[in-house]
Amino acid sequence: METPLTRNIAPGKPPTDMGAYEQNGGYQGLRRAMAELSPGDCLQLVQDSNLRGRGGAGFPTGMKWSFVPMEKATPGHKYLICNADEMEPGTFKDRLLMERDPHQLIEGMILAAYTIQADIAYVFIRAEYHTAAARLRQAIADCYAKGYLGENILGSGYRLDMLVHSSAGRYICGEETALISALEGKRANPRAKPPFPQVSGLWGRPTIVNNVETLCNITHIIERGADWFKSLGVGEDAGTKLFGVSGRVKNPGCWELPMGTPIRDIIEGCAGGMEDGYQLRGFLPGGGSTDFLVAQHLDLAMDYNVIGKAGSRMGTGTMIILDDRTCPVGMVKNLMDFFARESCGFCTPCRDGLPWTSQILDDIENGRGCSEDLASLENNIGFIGAMGNTHCALAPGAMEPLQSALKYFREDFERHLSADRCPYGEAN
Amino acid sequence: MNPELINTLSEQELTAIDAELAHVPCKSAAAIDALKIVQEYRGWVSDDSLHAIARHLEMSADELEGIATFYNLVFRRPVGEQVILLCNSVSCWIKGCDKLQRTISRQLGIEMGETTTDKRYTLLPVSCLGDCDHAPAMMIGKTLHHDLTPESIVRLLAGD
Ligand SMILES: Cc1cc2nc3c(=O)[nH]c(=O)nc-3n(C[C@H](O)[C@H](O)[C@H](O)COP(=O)(O)O)c2cc1C
Ligand code: SF4
Ligand code: FES
């Protein structure tokens, strides 16, 4: 089994610097592209590879890039932005990639920028990732010294500058149009689409925003080709993916596995199954804004459409386990509190609807709930969860764990209504 | 505000802010960077600092205030020497971050959002720190701590 994304990453191994990266074949993709591939050739490779975005939505990367206007006639900048805001509850993959192998990301970014002919690239990184930001800055400086960044990269005539922008907090900055607002120095309110950033993004110029893991994949696709990349997946989707498991399992962690790996292999194999004394009740397959799945789904493959058909989303591919001693109502309330806190406040259903929903959950969790509360929750899910009623996907995402908890753990909600406090006691 | 009371920015702060200005098409675009730079030197962003930054970036103080208060890691009130960022997102919650919060509160005598009377620590919540396989996690200053237990927290805060 090949693991291109983590080939330089192993427990106890020091972070990969320029020397180690090149010794292990690094910057060969860049050399190949600069010597023999046109931007159009690179785009074709990425389109043929079937790579889908690893930031949560799974949008085909090549298709996204194909919307960038390529005519030379429009003067001005084009931008490539790496979304390194990683704040989705339960997600821990991008930090690993940046801290342990920063050059893999930078090489992918140079190749992506070359493909869309961007002249400026940003890494938009969350404020708390000090170590990752420092390693990226060092790696970028090393690239300038080697001629991999700046004027006339490897003699190709192509010029690219790269900057690290460290953020100042707020989960909403990860939403790509909010990120662009933040990068312009404004409040991070999302923007209406269309126009899409590919056409009018940062400073009104064509802009591509991609996730860290997506861009790391580009490095290998350009070097080794689309067929190789497709052959890595064992199901419908192409490539490998960093999958993670957190919660009450024996061995929580993050592993690079083929796309399409069965969920059971990840939870019971890699993560070693449940901690002694705990049973699995359900799991969020890809971060805090994905719908719960339960034991009957364990044999499904981690592919975008398979998880979609089961009523959830692949999201970030990092799973959060609900065990039998943790209260599902409490877990959903924790998530709702998070989304309510992180609402950017721009639109009413989210700004007012999420705290209201949190309050209902708080009442239920603490034995103050009444039977009408469940109907109110359903009502809020219907209204806030519907795409189009809110300005961005934060609020609909907030409803996903709640709506599926009501489906799979309804008896827990009902038990709370007839009790005067949470039947689980304090789970933790 | 009385103009006499308005602070000026230090040489170092100005140099750092002007370096950011080199990368942006208009001065206000460096607003968040400038707030972070001043906070790095002064610990927080006072009204005086805010006015000084606004003047330097040729924007209104109100507009800058709107930006400063949006971001949770720009501090518009004084904080302690060390800010404790306790992750209270879902994986850390499952692994007992509420209990950790009570331990910290008991030991330091502060609730979430408060600063100790000796001005050493401020306790704030933070979104998932991307360390969920080692939950529960928190940061003290720029250092990440994980696999926390009430006992290890007591040692961290007492022992230094
Ligand atoms: C509220 C919200 C937060 C998001 N946070 C992130 C994030 O931290 N990192 C990320 O890559 N994508 C995040 N996204 C998704 C981005 O909007 C965007 O789809 C993604 O960066 C595209 O990259 P990809 O095509 O490579 O997946 C978020 C979306 C929403 C609605
Ligand atoms: S849905 Fe929430 S986060 Fe998104 S724009 Fe509306 S208020 Fe802001
Ligand atoms: S939930 Fe606390 S580090 Fe991820």
Side-chain angles (χ1 to χ4, degrees), chain A residues 86-96 120 126-131 161 163 165-171 173 182-189 203 244-248 251-254 271 284 287-288 318 320-323 326 330-331 334-335 337-338 341-342 344-345 401 426-428, chain B residues 20-36 39 57 59 63-64 66-75 85 87-100 102 124-139 141-144 146-147:
Chain A
E86 188 166 71
M87 252 185 257
E88 176 78 8
T91 299
F92 51 104
K93 62 186 187 67
D94 298 342
R95 187 169 70 88
L96 178 83
I120 302 183
R126 67 178 292 188
E128 297 88 340
Y129 282 3
H130 300 281
T131 307
D161 285 303
L163 297 156
H165 177 95
S166 168
S167 182
R170 297 306 292 277
Y171 167 69
C173 291
L183 210 44
E184 291 181 359
K186 303 180 178 124
R187 290 167 71 92
N189 294 123
W203 306 114
V245 181
S246 67
R248 299 258 177 219
N251 177 32
C254 180
L284 305 174
T318 41
I320 307 152
I321 307 290
L322 169 67
D323 60 78
T326 297
M331 177 162 165
N334 171 275
L335 289 161
D337 288 347
F338 170 86
R341 181 183 79 195
E342 298 300 328
C344 84
E426 195 182 14
N428 50 47
Chain B
E20 293 297 331
L21 287 176
H23 303 302
V24 288
C26 65
K27 286 192 169 184
S28 63
I32 300 165
D33 302 296
L35 289 162
K36 285 187 69 173
Q39 177 165 296
L57 299 181
M59 57 197 294
E63 192 187 351
L64 187 61
I67 295 162
T69 52
F70 186 91
Y71 294 96
N72 62 300
L73 296 174
V74 173
F75 305 134
L85 296 174
C87 175
N88 63 358
S89 292
V90 66
S91 306
C92 289
W93 177 80
I94 291 170
K95 289 291 192 84
C97 67
D98 287 350
K99 200 185 266 173
L100 298 184
R102 285 196 299 274
L124 294 172
V126 75
S127 304
C128 175
L129 286 168
D131 209 13
C132 326
D133 50 343
H134 291 284
M138 70 175 184
M139 294 185 80
K142 291 180 179 170
T143 312
L144 183 63
H146 59 207
D147 293 321

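As a basis for the values below, the full set of heavy atoms in this structure was taken, side chains included, without hydrogen atoms, waters or symmetry mates.
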Chain B contact via A:Leu163 - side chain, backbone, both or neither, heavy atoms under 4.5 Å: side chain

Top contributor to chain A interface from B:Val126, B:Thr69, B:Val74, B:Leu64 [non-hydrogen pairs under 4.5 Å]: B:Val126

Rounded distance [0.5 Å steps], CE in A:Met331 versus OG in B:Ser91: 7.5 Å

Contacting region of A:Glu342 [heavy-atom separation from chain B under 4.5 Å]: side chain

Choice from B:Pro125, B:Gly66, B:Ser28 maximising heavy atom contacts with chain A below 4.5 Å: B:Gly66

Contacting region of B:Asn88 [heavy-atom separation from chain A under 4.5 Å]: both

Option that, when pairs with chain A are counted at under 4.5 Å, heavy atom only, ranks first among B:Asp33, B:Leu85, B:Leu57: B:Asp33

Within-4.5 Å side-chain heavy-atom neighbours: A:Leu335 and B:Trp93: no

Chain B contact via A:Ala182 - side chain, backbone, both or neither, heavy atoms under 4.5 Å: both

Side chains of B:Cys128 and A:Phe338 in contact at under 4.5 Å (non-hydrogen atoms): no

Exercise: identify the closest heavy-atom pair between A:Gly169 and B:Tyr71: O-CD2, 3.4 Å

Nearest-0.5 Å distance, CG of residue B:Leu144 to OH of residue A:Tyr129: 9.0 Å

A:His130 side chain near B:Thr143 side chain, heavy-atom distance below 4.5 Å: no

Residue part contacting chain A, namely of B:Leu35, when any heavy atom lies under 4.5 Å: neither

Most contacts with chain B, counted as non-hydrogen pairs under 4.5 angstrom, among A:Ala188, A:Ala127, A:Gly247, A:Cys173: A:Ala188

Pair up each side-chain donor or acceptor in residues 130-137 of chain B with any protein partner under 3.5 Å, not counting sequence neighbours, and list the distances.
{"from": "B:Asp131", "atom 1": "OD1", "to": "A:Arg95", "atom 2": "NH2", "distance (Å)": "2.9"}
{"from": "B:Asp131", "atom 1": "OD2", "to": "B:His146", "atom 2": "ND1", "distance (Å)": "2.6"}
{"from": "B:His134", "atom 1": "ND1", "to": "B:Asp147", "atom 2": "OD1", "distance (Å)": "3.3"}
{"from": "B:His134", "atom 1": "ND1", "to": "B:Asp147", "atom 2": "OD2", "distance (Å)": "2.8"}

Residue of the set A:Asp337, A:Leu322, A:Asn334 for which side chain to side chain contact (heavy atoms under 4.5 Å, CB included) holds with B:Val90: A:Asn334

Heavy-atom pair count under 4.5 Å with chain B, highest-scoring of A:Lys93, A:Glu128, A:Lys186: A:Glu128

A:Arg126 and B:Leu129: CA distance, side-chain angles, deciding distance, side chain to side chain contact (heavy atoms under 4.5 Å, CB included) verdict: CA-CA 10 Å; A:Arg126 67 178 292 188; B:Leu129 286 168; 4.0 Å; yes

Largest heavy-atom contact set with chain B, pairs under 4.5 Å, which of A:Gly330, A:Gly185, A:Cys344: A:Gly185

Interatomic distance, A:Glu88 atom CD to B:Ser89 atom OG [nearest 0.5 angstrom]: 9.5 Å

Region of A:Thr131 that comes under 4.5 Å of a non-hydrogen atom in chain B: neither

Worked verdict on A:Asp323 versus B:Ile94 for side chain to side chain contact (heavy atoms under 4.5 Å, CB included): CA-CA 9 Å; A:Asp323 60 78; B:Ile94 291 170; 4.0 Å; yes

Backbone of A:Ser167 reached by a side-chain donor or acceptor of B:Lys36 within 3.5 Å: yes

Note, B:Lys95 side chain near A:Ser246 side chain (heavy atom, < 4.5 Å): no

